[in-house]
Amino acid sequence: MMAPALPREFYQRDTATVARDLLGRTLVHVVDGIPRAGRIVETEAYLGPHDLASHSSKGRTERNAVMFGPPGHAYVYMIYGMHFCLNTVTEPEGHGAAVLLRALEPVVNLPGRTGGPGLLCRALGIDRRWNGCDLTGPDLYISAETPPRKLRILTSPRIGVDYAGAWARRHLRFYLAENPFVSGKKPRKTA
DNA sequence: AGCGGGATTAGC
DNA sequence: CTAATCCCGCTT
């Protein structure tokens, strides 16, 4: 559990690459000295202001300012008036990109469901106060420990961004194959 | 100052 | 399918 946090350089890269590379790694939140940890099994990449599904596509605002800041920080926002979503800022400062963490497989001290961005934040105890938190610090971070075995990674369009035209169809969602904690609609065998 | 809508979830 | 529920960002 004492593995170091991923360094800032990890996040300062191509956003889709970071989204893939985060899969299988362990997200840790230390609450009152007690670590809560889960394995990241589902992510989505939001590429920047040109990406019409990204919050940054409407330019820098008070809400999304952290996205335009330096990489390796947490972008946390409230959605639908009742849930929080946790992102990691990526690319060089000023770019306006982030990776949404959508689902965890519980590792330690994560009771309740963790499959879905809102549930993930609830289980970890993440809310608005963590917006802007430096992920290279000791309280909220992703372990630098490399996933032990090779991962089977699948892709799909991102969830809930149908308004984004062609960008909605891009495969910028990444998840571990056959992992029961992955959220969203499973592909249905119809035809 | 008012209003529309959202990177979701749960319940009918 | 739709309500819940609050903050933000844009319009008036």
Side-chain angles (χ1 to χ4, degrees), chain A residues 11 14-23 25 27 29 38 40-69 71-91 95-106 110-133 135 140 142 153-176 179-188 190:
Chain A
Y11 298 98
D14 169 79
T15 305
T17 300
V18 174
R20 261 182 190 278
D21 205 352
L22 283 174
L23 291 176
R25 296 181 185 270
L27 173 62
H29 184 209
I40 299 169
V41 299
E42 178 184 354
T43 62
E44 283 178 358
Y46 289 86
L47 305 189
H50 57 295
D51 175 0
L52 295 183
S54 172
H55 287 174
S56 59
S57 67
K58 301 201 170 65
R60 180 185 182 131
T61 67
E62 192 170 335
R63 177 208 202 191
N64 66 21
V66 172
M67 279 187 86
F68 290 89
H73 289 251
Y75 169 45
V76 180
Y77 62 91
M78 171 168 274
I79 188 66
Y80 299 117
M82 56 186 74
H83 305 292
F84 293 95
C85 292
L86 170 64
N87 301 252
T88 69
V89 176
T90 58
E91 313 265 0
H95 188 98
V99 172
L100 171 65
L101 305 180
R102 289 192 56 93
L104 298 179
E105 177 179 315
L110 279 188
R113 286 164 299 173
T114 53
L119 294 171
L120 179 154
C121 284
R122 180 196 295 192
L124 280 177
I126 299 296
D127 63 33
R128 186 145 214 87
R129 298 193 300 263
W130 280 266
N131 188 39
C133 177
L135 297 175
L140 178 63
I142 295 161
I153 295 175
L154 301 180
T155 69
S156 83
R158 293 168 290 185
I159 306 292
V161 296
D162 293 344
Y163 57 83
W167 284 96
R169 295 186 284 278
R170 294 277 303 272
H171 278 228
L172 291 171
R173 172 172 175 253
F174 304 91
Y175 58 101
L176 297 184
N179 187 290
F181 297 93
V182 170
S183 76
K185 304 89 189 170
K186 307 289 191 290
R188 277 192 24 188
T190 48

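The sequence lines fix the lettering, A, B, ..., with proteins before strands; numbering per chain opens at 1. Heavy atoms only: backbone and side chains are in, while hydrogens, waters and symmetry mates are out.
A:Met82 has its CE atom 17 Å from the P atom of B:dG5, to the nearest Å. C:dG9 atom C1' lies 16 Å from atom OH of A:Tyr77, rounded to whole Å. Computed from coordinates, the A:His55 NE2 to B:dG5 P distance equals 16 Å when rounded to whole Å. B:dT8 atom C1' lies 17 Å from atom CD1 of A:Ile126, rounded to whole Å. At whole-Å resolution of the value, CZ in A:Phe84 and C1' in B:dT9 are 14 Å apart. The distance between atom CG of A:Asp127 and atom P of C:dC7, rounded to the nearest whole Å, is 12 Å. In this structure, the CZ atom of A:Arg173 is 11 Å from the P atom of B:dT8, given to the nearest Å. Residue A:Phe181 contributes atom CZ, which lies 15 Å from atom P of B:dT9 at whole-angstrom precision.
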Any N/O pairs under 3.5 Å between the protein and nucleotides 10-12 of chain B? List them or say none.
{"residue": "B:dA10", "atom": "OP1", "partner": "A:Arg113", "partner atom": "NH2", "Å": "2.7"}
{"residue": "B:dA10", "atom": "OP2", "partner": "A:Arg113", "partner atom": "NH1", "Å": "3.4"}

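A cation-pi arrangement is absent between A:Arg102 and A:Tyr175 under the rule of less than 6.0 angstrom and at most 45 degrees off the ring axis. A cation-pi arrangement, defined by a distance under 6.0 Å to the six-membered ring centre and an angle within 45 degrees of its axis, is absent between A:Arg129 and A:Phe84.
Where A:Arg128 and A:His83 meet DNA chain C, the nucleotide closest to each residue was compared, and A:His83 sits on the side nearer the 5' end.
At a threshold of 4.0 angstrom between heavy atoms, the contacts of A:Arg158 with the nucleic acid are absent.
OP1 or OP2 of B:dA7 lies within a sub-4.0 Å distance of a side-chain N or O belonging to A:Tyr163.
Checking A:Asp51 against A:Ser54 by side-chain atom types alone, no donor-acceptor pair falls below 3.5 Å.
Using N1 to N3 plus N6-O4 or O6-N4 for Watson-Crick, or N1-O2 and O6-N3 for G-U wobble, each under 3.5 Å, C:dT5 pairs with nothing. Taking a pair to require two hydrogen-bonding distances under 3.5 Å in either a Watson-Crick or a G-U wobble arrangement, B:dA7 remains unpaired.
In plain terms, the two heavy atoms of A:Leu47 and A:Ala16 that are nearest each other are CD2-N, 4.3 Å.
Looking only at side-chain heavy atoms (C-beta outward), A:Leu140 and A:His29 come within less than 4.5 Å of each other. The closest side-chain heavy-atom distance from A:Leu22 to A:Phe174 is not below 4.5 Å.
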Residue pair A:Val89, A:Tyr11: steps toward the side chain to side chain contact (heavy atoms under 4.5 Å, CB included) verdict: CA-CA 7 Å; A:Val89 176; A:Tyr11 298 98; over 6 Å; no
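Taking the side chain of A:Tyr80 as heavy atoms from C-beta on, and the options C:dC8, B:dA7, B:dT8, the nearest nucleotide is B:dT8.
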